[in-house]
Amino acid sequence: MKKLKVGIIGTGGIACACHIPGYLSIPDQCEIKWLCDIKPKALDEALLLAPGAKTTADYRDLLADPEVDAVSVATPNRVHMDPTIDALRAGKHVLCEKPLAMDRHEAKKMCRAAKESGKILQVGLQMRFGGAARFMKDYIDAGHMGDIYYARAQALRRRGVPSWGVFIDREQQGGGPLIDIGVHIMDLTLHLMGYPKPVSASGKTWDTLGKNPDLVNFWGPYDHSKFTVEDMAVGLVRFENGAAVTLESSFMANIKEEFFRTELFGTKSGALVKGAGSEPIEIYSETDKQLFDCVPRNIPEVVSSHIAEVQEFVKAVHSGALSPVPGENGLVLNAIFDALYKSAETGKDELIDVAY
Ligand SMILES: NC(=O)c1ccc[n+]([C@@H]2O[C@H](COP(=O)([O-])OP(=O)(O)OC[C@H]3O[C@@H](n4cnc5c(N)ncnc54)[C@H](O)[C@@H]3O)[C@@H](O)[C@H]2O)c1
């Protein structure tokens, strides 16, 4: 097997914690040829992990290298679209971090570029590669839950505003907890529901807690005057097949417990799927008029869903398979968030547009 030559665009937190270790975990299948970041310090730190890689501050240098087969785009959200489209047009496969884009308009352009190039565009939504997600997907596909007609998705932090990067800057990120962490639990939920087509959404956002400098934050100090995103968002999304999902997402909220989980309501059974923990799944069912609460005990072990995500990307490139997390899924999520943010402004249910 010819080793893939890979470039990393944006060598900050997620690149060093996940993308680079992911590629390094399969040295027989790929090698990191280029590292790109506009900050020399970020490049230096990444070079410690991938010594020998070429470095540049301009991603076009690595796209011009005909040996490069694939790239990871791990820059802030505002810098997802251009490198992704340029890479696809240069004939490279792309693993782009979540959310796919700032909004649906960007996401559509990225999906079009992927289609025209015939290359893989994978969105960095790793939750579906975890053991709980794999088990649940098989369980649902085997018909054990019947039709899933409702889900309650929650990504709720009590005092968890990210103090690094640009996560509190709407101009750079496109939004706050909804687009940053809601994206993960919404993707898991929709993946398990078979990605039904969304039609409309109603949402509400708040920012009072996030802007309040008197409140403690467990994720480090941040400049409250620069907090331009919501601290919490809630919404109801309706789907063409009659299903609905409610989503709650917060960086800050006065709650007892932090949740990262989704609850699926099916016609045959229900399930609670948690993002972590020793018992990540509970299943609720009825047989012969008796009600059962079950905890599966043979969930596949996945040490790191992040590493698994990168391995799946490399595998798909090598085998010519379809994208393990297609750009179209990222577009659906961006379109849902656009509608929720718009609805928070208008106070009305907003239509969701995913055509591209
Ligand atoms: N999948 C996940 O669980 C997960 C977790 C964290 C972050 N993310 C996503 O990863 C992305 C980056 O987040 P992060 O936490 O690594 O942020 P970060 O700020 O630590 O890293 C981003 C890096 O991109 C660099 N950069 C900015 N513009 C650039 C450009 N034009 N060319 C090259 N490099 C550029 C920055 O200098 C920085 O080093 C975001 O989209 C975020 O949503 C995903």
Side-chain angles (χ1 to χ4, degrees), residues 7-22 34-49 53-63 71-87 94-103 106-107 110 122-130 133 155 157 160-188 219-220 222 226 229 249 251 260 275-276 304-310 312-313 324-325 329-330 333-334 337:
I8 315 276
I9 304 174
T11 61
I14 196 69
C16 288
C18 304
H19 291 251
I20 295 175
W34 283 92
L35 298 168
C36 166
D37 204 291
I38 51 172
K39 288 187 192 149
K41 188 167 174 280
L43 274 180
D44 287 346
E45 282 169 14
L47 257 182
L48 293 175
L49 301 172
K54 294 184 176 191
T55 58
T56 177
D58 185 343
Y59 71 80
R60 285 167 297 194
D61 290 338
L62 69 89
L63 297 187
V71 300
S72 273
V73 174
T75 42
N77 300 351
R78 177 160 291 290
V79 194
H80 284 186
M81 181 178 74
D82 288 345
T84 295
I85 291 180
D86 291 347
V94 179
L95 170 55
C96 176
E97 260 309 332
K98 53 55 52 172
L100 178 60
M102 297 282 283
D103 58 33
E106 288 191 358
M110 295 161 87
Q122 179 175 334
V123 192
L125 290 158
Q126 74 277 0
M127 277 195 83
R128 55 172 92 180
F129 302 114
R157 293 185 194 148
V161 179
S163 56
W164 66 93
V166 293
F167 292 94
I168 60 171
D169 181 347
R170 180 174 299 281
E171 287 295 308
Q172 294 297 317
Q173 285 292 104
L178 179 62
I179 201 165
D180 184 43
I181 53 176
V183 71
H184 279 303
I185 205 66
M186 196 64 176
D187 176 64
L188 177 66
W219 290 35
Y222 63 95
K226 296 206 167 116
V229 297
S249 188
F251 283 162
F260 211 89
S304 160
S305 55
H306 282 286
I307 302 282
E309 160 194 273
V310 176
E312 292 290 336
F313 174 60
V325 186
N329 290 175
L333 294 165
N334 271 123
F337 301 148

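Every number for a ligand or one of its atoms is a count from 1 in the order of the listing. For this chain, numbers begin at 1 and follow the sequence in order.
Less than 4.0 angstrom separates some heavy atom of Gly124 from each of these atoms of ligand 1: 1 (N). Every atom of ligand 1 with a heavy atom of Trp164 under 4.0 Å away is listed here by number and element: 15 (O). Remark: ligand 1 atoms within the under-4.0 Å shell around heavy atoms of Gly165 are 19 (O). Listed by number with element, the atoms of ligand 1 under 4.0 Å from a non-hydrogen atom of Ala42 are 39 (O). Distances below 4.0 Å separate heavy atoms of His306 from the following atoms of ligand 1: 1 (N), 2 (C), 3 (O). Of all the atoms in ligand 1, the ones that sit under 4.0 Å from a non-hydrogen atom of Gln126 are 1 (N), 2 (C), 3 (O). Near Gly10, the atoms of ligand 1 lying under 4.0 angstrom from a non-hydrogen atom of the residue are 24 (O), 34 (N).
Looking at Lys39 and Asp37, no side-chain N of the basic residue comes within less than 4.0 Å of a carboxylate O on the acidic one, giving no salt bridge. A salt bridge links Lys98 to Asp180: one of the charged nitrogens lies within less than 4.0 Å of a carboxylate oxygen. Taking a cutoff of 4.0 Å between a charged side-chain nitrogen and a carboxylate oxygen, Lys226 and Asp169 do not qualify as a salt bridge.
Atom 5 (C) of ligand 1 has as its closest protein heavy atom Ile14 CD1, 3.3 Å. Summary of contacts: the protein heavy atom closest to atom 20 (O) of ligand 1 is Gly13 N, 2.8 Å. The protein atom (non-hydrogen) at minimum distance from atom 2 (C) of ligand 1 is His184 NE2, 3.4 Å. Ile38 CD1, 3.6 Å is the protein heavy atom nearest to atom 28 (N) of ligand 1. The protein heavy atom nearest to atom 31 (N) of ligand 1 is Val79 CG1, 3.5 Å. Atom 41 (O) of ligand 1 has Asn77 OD1, 2.6 Å as its closest protein atom, hydrogens excluded (heavy atom only). Shortest contact from atom 38 (C) of ligand 1 to any protein heavy atom: Asp37 OD2, 3.5 Å. The protein atom (non-hydrogen) at minimum distance from atom 21 (O) of ligand 1 is Gly12 CA, 3.3 Å.
Ring geometry, Trp164 versus Trp219: the interplanar angle falls under 30°, so the pair is classed parallel (tilted spans 30 to 60°).
Heavy atoms of Cys18 found under 4.0 angstrom from ligand 1: none, in either backbone or side chain. Looking at Tyr59 against ligand 1, nothing comes within 4.0 Å, counting heavy atoms.
Polar contact check, Ala57 against ligand 1: no nitrogen or oxygen pair lies under 3.5 Å apart. The distance criterion of under 3.5 Å between nitrogen or oxygen atoms is met by Lys98 with respect to ligand 1. Checking only distances, Thr11 never comes within under 3.5 Å of ligand 1, N or O to N or O. Not a single N or O atom of Ala15, backbone or side chain, sits closer than 3.5 Å to an N or O atom of ligand 1. Of the N or O atoms in Thr75, one or more lie within a sub-3.5 Å distance of an N or O in ligand 1.
Using a 4.5 Å cut-off on side-chain heavy atoms (C-beta onward), Gln173 and Arg78 make no contact. Inter-residue side-chain proximity for His184 and Phe260 is flagged as met; some heavy-atom pair is nearer than 4.5 Å. Contact check for Phe251 versus Ile181: side-chain heavy atoms found under the 4.5 Å cut-off. Here the side chains of Cys96 and Val123 are not in contact, with every heavy-atom distance at 4.5 Å or above. The shortest distance between side-chain heavy atoms of Gln122 and Val94 does not fall below 4.5 Å. Residues Pro21 and Ile307 have side chains in contact (heavy-atom distance under 4.5 Å, counting atoms from C-beta outward). Annotation: side chain of Leu100 is not in contact with side chain of Leu333 (no heavy-atom distance under 4.5 Å).
In terms of modelled atom types and a separation under 3.5 Å, the side chain of Ser305 and the main chain of Met127 share no donor-acceptor contact.
Rounded to the nearest 0.5 Å, atoms OG (Ser249) and CG (Leu178) are 6.0 Å apart. The structure places NE2 of His19 at 11.5 Å from CD1 of Ile9, a figure rounded to the nearest 0.5 Å.
Within the set Ala17, Cys16, Ala74, the minimum heavy-atom distance to atom 12 (C) of ligand 1 is found for Ala74.
Ligand 1 lies out of reach of Glu309, whose nearest heavy atom is not under 4.0 Å from it.
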